[in-house]
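Here's the structure, in structure tokens; my notes come after.
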Amino acid sequence: MAASPLLPKGYVIACAIGTVIQEMSHVSDFRMIWKRLIDMQCLDSNFKIITLSDLECDYINARACCSKLNKWVIPEMVGQCLSMMLMLVSMHWFIFVLNMPVAAWNIYRYVKIPMGNMGVFDPTEIHNRGLLKSYMKEAMIKLGYHLLCFFIYLYSLILALIND
Amino acid sequence: MSTAGFNSQNGTGTGQTYANGPSQNPVSLQQPPGGGYGMNHQPSYNPMQAKAPGPPGPGPYPFGQYQPVSSHQPGPQLSSYPAAPGQPLLSRPPMGGHPSYTPPQSASPSPGPRLPPAQATPLPPPPAATSTSYYPNPPQPMASAWQYNAASASSMSTPPRGPVANHVNPAASLAAPSPPSSAAYSSAPPPPPPPHMSHSPAQPSGPGLPPTSMHGYTQPGTAPPPMNPMVPNTYQPNRPAYGPPPAGPPPTMRPTPPPAGPPMTSGTPPPPKADGDVAGNGPQAPNSYNHVDSRMAPPTQPGPPGRHLGHYPSLPPGYQNTSAPPAPSSFHPAGQAATQPYTQGPQPYQQPPGGPGPAQLSSSLAAMSLQSSTPEALRVVNLLQERNLLPANPVPAPTPCLTQDLQKLNCNPEVFRCTLTSIPQTQSLLNKAKLPLGLLLHPFKDLSQLPVVTSSTIVRCRSCRTYINPFVSFLDQRRWKCNLCYRVNDVPEEFMYNPVSRSYGEPHKRPEVQNATIEFIAPSEYMLRPPQPAVYLFVLDVSHNAVETGYLSVFCQSLLDNINALPGDSRTKVGFITFDSTIHFYNLQEGLSQPQMLIVSDIEDIFLPTPDSLLVNLNESKELVQDLLKSLPNLFEKTMETQSALGSALQAAFKLLSPTGGRMSVFQTQLPNLGVGALQSREDPNQRASVKDVQHLSPATDFYKKLALDCSGQQVAVDLFLLSSQYCDLASLGCISRYSAGTVYYYPSYHHQHNPDQVERFQRDLKRYLTRKIGFEAVMRIRCTKGLSIHTFHGNFFVRSTDLLSLPNVNPDAGFAVQMSIEENLDDMQVVSFQAALLYTSSKGERRIRVHTMCLPVVNSLSDVFAGADVQAITGLLACMAVDRSVTASLSDARDAMTNAAIDSLTSYRQAVLTIQQPGLLAPACLRLFPLYILALLKQKAFRTGTSTRLDDRVFAMYQLKYQPLVFSMLMIHPALYRIDDLTDEGALNVNDRTIPQPRVLQLSVEKLSREGAFLMDAGIVMYLWIGRNCHPNFLSQVLGVPNYAAVPEKLHLLPELDTAESQRTRAFISWLRDQRPFFPSLHIIRDESQLKPHFMQNMIEDRTESALSYYEFLLHLQQQISK
């Protein structure tokens, strides 16, 4: 059930990245893409929350859950960094700064994976030491952050459209 | 291992009646499943498993179509040739000397000492012991021994006359003094309850033998062997319940407030008269005080400070000055007086001899008038002053403060133990106590008596799926209320009939409701697939290195010897894979004239050459298997292949086992260095002794973890036998066992000639390993009362979902631990319950569920929380947590965390429970060993720094701490030291007509050693027998068989079997110790100049080493931190 948001999301990433590079200069389209990216990231957080709560409620087992989640760690990180870079290029400082901590956190999480672990989410650890809860919390915070971004981008998109 | 305590139940016969009584209930209490029971049921299973008793070839596997190919088409990489020339094929006589089939139910490798009933049952002493003094009373070892002996002698001669009566008392409490029981113990006619102030009339002896000596000694000194200290206290009372139903109200009611009087239990105030008795007494004064020399002067004034310090010979010279202020004994009486209102219990022990002073008097009067007193567990102990904290015999598990009815039914603490026997009501209270809350389990322990129930419906709560248990409450005949989620459920019609009494309408007397540990035969709803057969696959390293160690012949011989004792039924399958740089499979299909070896050299992309004839039915191909085992050691004798492709071999083995599941036993002797899963040496030998952080405790690759999870998913468990002299990266390799619920066995420097003790250990361990009970495709779920939640798990398994542990195999030697938190306040509850349910397939193909339920009281005051602390369980859990911490963070973090655990809990005790501050390091009596155990942990191989420790040894020690059941891990943390040159039969146990002397446990300090003696240190997997330089020649000649000290050989691992009383005693004692554990501790006899002496000395935990504090220094450190 959680898989449904997945495919469109992957698709969105692919076209977003493709189109972003083409239409970098075009501000309104650029923002449109932004919005899409953020949409995608909202979905990502959503997806994480759903998957984690599935695990909590015992609908899926830890292995399946973690492999699902780990699949999206790198795309998320790349997407976040990419958006940050684009903001830097287009000199949207405020949004750049807004993006930076999250991107940094994602990178940190990825780099800090212990050698023997199977990715950021490790099925053998996830039930220990309240990790599941902390992941849940993290996903919630990210969801909030992406929602915030969503509205900011939506606002600036509309602003840009009106100005055009 | 089955425990003496349980065994002792056998003789009483109470269980028997239950077992055989019900006709409708094919209960097999003592029958092995393979007996009549298993046979009865086999047919009923067969229909379900269409393919189950498969024909030899295709068997239950769906790939029979490959068969024709396999026989003649080996493929490019395959070569097949006769296994070994000159083997007598098909003419092997039936196995001659195979040992008698050990029933899996209580599969213990050795006949083992079974306690006769008379031993453990009549235990009048424990209640007495628990009543007044928790302490060993070192001043009166002889006296207590004498008394103890008298007690046990009488018990030996007569069958338990009133076990029930006696059991009532042990169950009663750890702390509540119960005068009647002590009277009964001293075999005087039951006196009237002693008056408040006078001393117990049943004490004829003078002050030299103060009553406490008896009390203090008997508790630990009763029949239970060191490993099973708690059995008689708690589990036994259980038993009488079998035969006649308990006299009292059925235990099904919600616990009402405990009835007043003697049955009242520990956390609650004991009866006033009893403690008045205690509080008012002077003559007990000397007991808790210092050791040897205080013996002659019963009412001693605590010595001057210097004298106390004198007991710490390991102190560096400059130390005494610093230590003086914190432990001023001159403060002592005043300090005691000051605390008296809070600690009525302890006062008498430390009072000056002049009788109670005004302060004491008033306080004892106050105590009487308040009719309450501090339970023994809360007696304040100044650790800096009291030196002899160690009880003479193993520390018993504390008894939860429950009503007697409930306690009688409660789970055996060896199976189920909680760090806090009184659960705090709220998380904040738990946080305040700073003690970890968790459970330690040993769910598949070999039990000699286990009620087994067959019924078509297993009664469970409809919402939380809890199994019905003794702690549920019956609202009326037809409804019961779950004790975990409080849902009201219906009692099914079938449950109304009680097969034990063959009566109708007494659901609360059903065995399910009478036993906290019970096993169900599961109906087919509990199967996802037909129960799997027992499948054993052996994966053997045959590289040059492996052949050098010579393990192969030992292994083959062991398997040959035990091949008929492998647990299983007619479907049992075995298979073999050997590997070096290539993988060798063995075609053992029935009908072949000899085993066929198939070599696969494509290790990158492993495949099975003949998928259906590699795992064969043991019965049908037994001769081929035996041929193979006989030829294997010779087959690779001349191999020069040094590489090891373990990863590929494991993958191949996984492929082979994945259709059925089963057990994979991997024997590895070197670092895998070829193909997938190859590892590099990460250990820098120069860093072994570094005090800096130890690196590489976590795995280097996730290959083994992933494979383990794959295995777990296919119900395959991997047991790893590591026999290597070099670094093998156990941290990485161990993952394969850890997450697939296997076991790691480690034999460092194994060599068939150089290390005979390791060889013997390996042999014994293998025997146990091959013949012990095994459960396949198991899952365990641990449930707890609503409000509590489990957040961390320790042990070897994979946590599949929040409370479900996936255990592809479960073995009787596996322990588990979990940590819990209190999510919702437990305000309106008096008790909480925990239930561990283990669903497994027995080796006979039966699906069974073993359910353990434990019930604990809820308390709302911090002092009660402390009173219920179980110091051993806390230590065990902390060790598990520290292992986690050292892997995820760092070793130094873990060490700090352990020290902080001690500091925090003692600080919290001091601040929140003690209202009047006094100098010294104060701890409640129940936690008095806590700092010692923490120090022991810091000096344990797993966590020590500064001492040269090989990385693999360290990692193995960590695995053991997490995996061993508590009784064994405690020995590894804090070894037991005995003086054995003067063993006597006094106080001895009598097991199977053997007399087992029971020397007292000594502190781990060099001060306890003497050159005139011989000392045995039992450190779990190893034992050291240290011979003093001036050891009595009698001992040398009678036990060691050598004329003098100089003639003691350098490397001696066996005690000669001499026909002398001393030799017999010593050997009986050592073998008794060994018999109690599932692994085989090797014995090293060491002299002063032996190479192993440093190992022996490193276990002297209380002494100072170059890199670690002595116990006293550690206490001072704690005190300093606490008073900050």
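Numbered from 1 within each chain, the chains take letters A, B, ... in sequence-line order.
- When heavy atoms are compared at a cutoff of 4.5 Å, B:Thr701 approaches chain A solely by way of its backbone atoms N, CA, C and O.
- Comparing A:Cys65, A:Pro114, A:Pro123 by heavy-atom pairs within less than 4.5 Å of chain B, the highest count is held by A:Pro123.
- For the pair B:Arg460 and B:Tyr467, the cation-pi test (distance below 6.0 Å, angle within 45°) is passed.
- In terms of heavy-atom pairs under 4.5 Å with chain B, the best-connected choice from A:Asn61, A:Leu132, A:Thr124 is A:Thr124.
- Remark: B:Arg738 fails to qualify as a cation-pi partner of B:Tyr704 under the 6.0 Å distance and 45° angle criteria applied to the six-membered ring.
- Partner of B:Pro672 under the side-chain contact (heavy atoms from CB on, under 4.5 Å) criterion, chosen from B:Leu733, B:Leu650, B:Asp729: B:Leu733.
- For B:Arg487, the side-chain contact (heavy atoms from CB on, under 4.5 Å) test picks out B:Cys461, B:Arg462, B:Ser463, B:Cys485, B:Asn489, with sequence neighbours left out.
- With ring centers used as reference points, B:Tyr739 lies 6.0 Å or more from B:Phe797.
- If you measure heavy-atom distances from B:Ser821 to chain A, you find no contacts under 4.5 Å at all.
- Heavy atoms of B:Phe793 lying under 4.5 Å from chain A belong to its backbone as well as its side chain.
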